[in-house]
Amino acid sequence: MKHDDLSTRLIHHPYKPPEGFEAVAPGVYKASTVLFPNVEALRTTDWKDKSGYTYGLHGTPTTFTLEERLATLEGGTHCLLAPSGLAVMTLVDMAFLRSGDEVLIPDNAYGPGKTFAEAELAAWGITHRFYDAMDPDDLARQIGPATRLVWLEAAGSITLEFPDLPALVARVRAANAARAGDQRPIVTALDNTWGAGIAFQPFELGVDVSVQALTKYPSGGADVLMGSVITRDLALHRKILLTRIRLGLGVGSNDAELVLRGLPSIALRYHAQDASTRELAAWMQQQPGVVQVLHPALPGSPGHATWQRDASAAACLFSAVFDAGIPQARVDAFCDALRLFRLGWSWAGPISLCAPYELASIRSQGWQEAGALVRFAIGLESVQDLRADLAQALGALHG
Ligand SMILES: *Cc1c(COP(=O)(O)O)cnc(C)c1O
């Protein structure tokens, strides 16, 4: 068939580039529509596994490649992507919870995950309870007949307590064993954003599902939003996959490419930021007006011994708790006086960040009497420059 119209000829162009091109970076394949050679292929290509391509939402060579590399990073076997870290968390909730079920969430979990339970899951008749992640017996007490999903997070958000993951998982396994024959055993899901696949191997510690905000370390650029959910269990993977397809969650290949570019340097960045963070956290602990620095690698920080036992590195976060006698306005003035540390959410990018938090409003237990807290995320700047910045801004704290 001969095409006369220029537009038609430009779209249905016969040229095919030669085979055999190989480069360091994987190709970026972008698609909503995926083309089939014939009706038979269109009808029979399976969209529920990675044996072929059906529609851009369900995967491209670029997103499948990223999924495989992320499964390797975390020591899992199956990975799925979603458009943000929060999106993979809510995807896991939707995959495993039904009306009448209950989900248990650590009191120190990532805030928006708790809000999803309070605002959305509750509206669908799914209840939630917050448990003390530092007390496995508290988790055991809270598990009830309706419990179907237990969230874990190591270290906890903002206060950075490092929980005993094997002990928490053991409590869930004991509950499952006591309900032998139950068609829907309790699933454990870890928010592994902090560990990032570098600090510890989540599946070695016994969790069923690991989610990560790729927005943080895997990207490393503070310029992309994405999340991953990884398992070693094909049945759990397929359950999450079907829910993901029904919800219409997928990621674009340009964003996947950004994460593929960040991955080769993730271990180097993680360890470099870890070293700077430990140095600054230890220094901050010596400063007048700072009553406590929270960082799992600091002796005296909650869960330090467990972190030493189960992890080999720590993320780029620490939180400073100020003397309760220092007014919030002075702590805000300290944050405003910082020049290299910028104000903003997220972490694990090139730039150092800080943000004040009010513990009394984000925790249901403990911390009610604590002074103001500032969380620091250490970037890739020189540690001497960052220390000098903290030192000059502490002048504003004391007025
Ligand atoms: C940032 C973050 C998330 C959410 O990631 P987004 O991509 O910002 O939605 C989830 N958990 C933890 C621990 C995080 O730090």
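Values in this document were obtained by computation on a predicted structure and should not be read as measured data. Atoms considered below: every heavy atom in the structure, side chains included; atoms not considered: hydrogens, waters and symmetry mates. Just so you know, ligand 1 is whichever comes first in the structure, and atom 1 is the first atom listed for that ligand.
Taking the six-membered ring for Trp and thresholds of 30 and 60 degrees, Tyr15 and His13 have ring planes more than 60 degrees apart, a perpendicular arrangement.
Two rings, from Phe36 and Tyr53, have their centers 6.0 Å or more apart. Taking the centre of each ring, Trp347 and Tyr110 stay at or above the 6.0 Å mark.
A donor-acceptor pair is defined here as one N or O able to donate and one able to accept, closer than 3.5 Å; such a pair exists between the side chain of Asp389 and the backbone of Leu340.
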If you look at each N/O of ligand 1, which protein N/O atoms lie under 3.5 Å away, and at what distance?
| residue | atom | partner | partner atom | Å |
| --- | --- | --- | --- | --- |
| ligand 1 | 7 (O) | Gly85 | N | 2.7 |
| ligand 1 | 7 (O) | Thr215 | OG1 | 2.6 |
| ligand 1 | 9 (O) | Gly85 | N | 3.2 |
| ligand 1 | 9 (O) | Leu86 | N | 2.8 |
| ligand 1 | 11 (N) | Asp191 | OD2 | 2.6 |
| ligand 1 | 15 (O) | Lys216 | NZ | 2.6 |
| ligand 1 | 15 (O) | Trp347 | NE1 | 3.0 |

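Between Glu74 and the options Gln212, Arg232, Gln201, a side chain to side chain donor-acceptor pair (under 3.5 Å) holds for only Gln212.
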Throw together a table of side-chain donor-acceptor distances under 3.5 angstrom for residues 259-281, partners on residues two or more places apart or in other chains.
| residue | atom | partner | partner atom | Å |
| --- | --- | --- | --- | --- |
| Ser265 | OG | Gly262 | O | 3.2 |
| Ser265 | OG | Arg269 | NE | 2.9 |
| Arg269 | NH1 | Tyr217 | O | 2.8 |
| Arg269 | NH2 | Tyr217 | O | 3.0 |
| Arg269 | NH2 | Gly262 | O | 2.7 |
| Tyr270 | OH | Trp194 | O | 2.8 |
| Tyr270 | OH | Ala315 | N | 3.2 |
| Gln273 | NE2 | Gly349 | O | 3.3 |
| Gln273 | NE2 | Ile378 | O | 3.1 |
| Asp274 | OD1 | Arg278 | NE | 2.7 |
| Asp274 | OD1 | Arg278 | NH2 | 3.3 |
| Asp274 | OD2 | Arg278 | NH2 | 2.9 |
| Asp274 | OD2 | Ala314 | N | 3.0 |
| Ser276 | OG | Ala272 | O | 3.3 |
| Thr277 | OG1 | Gln273 | O | 2.5 |
| Glu279 | OE2 | Arg387 | NH1 | 3.2 |

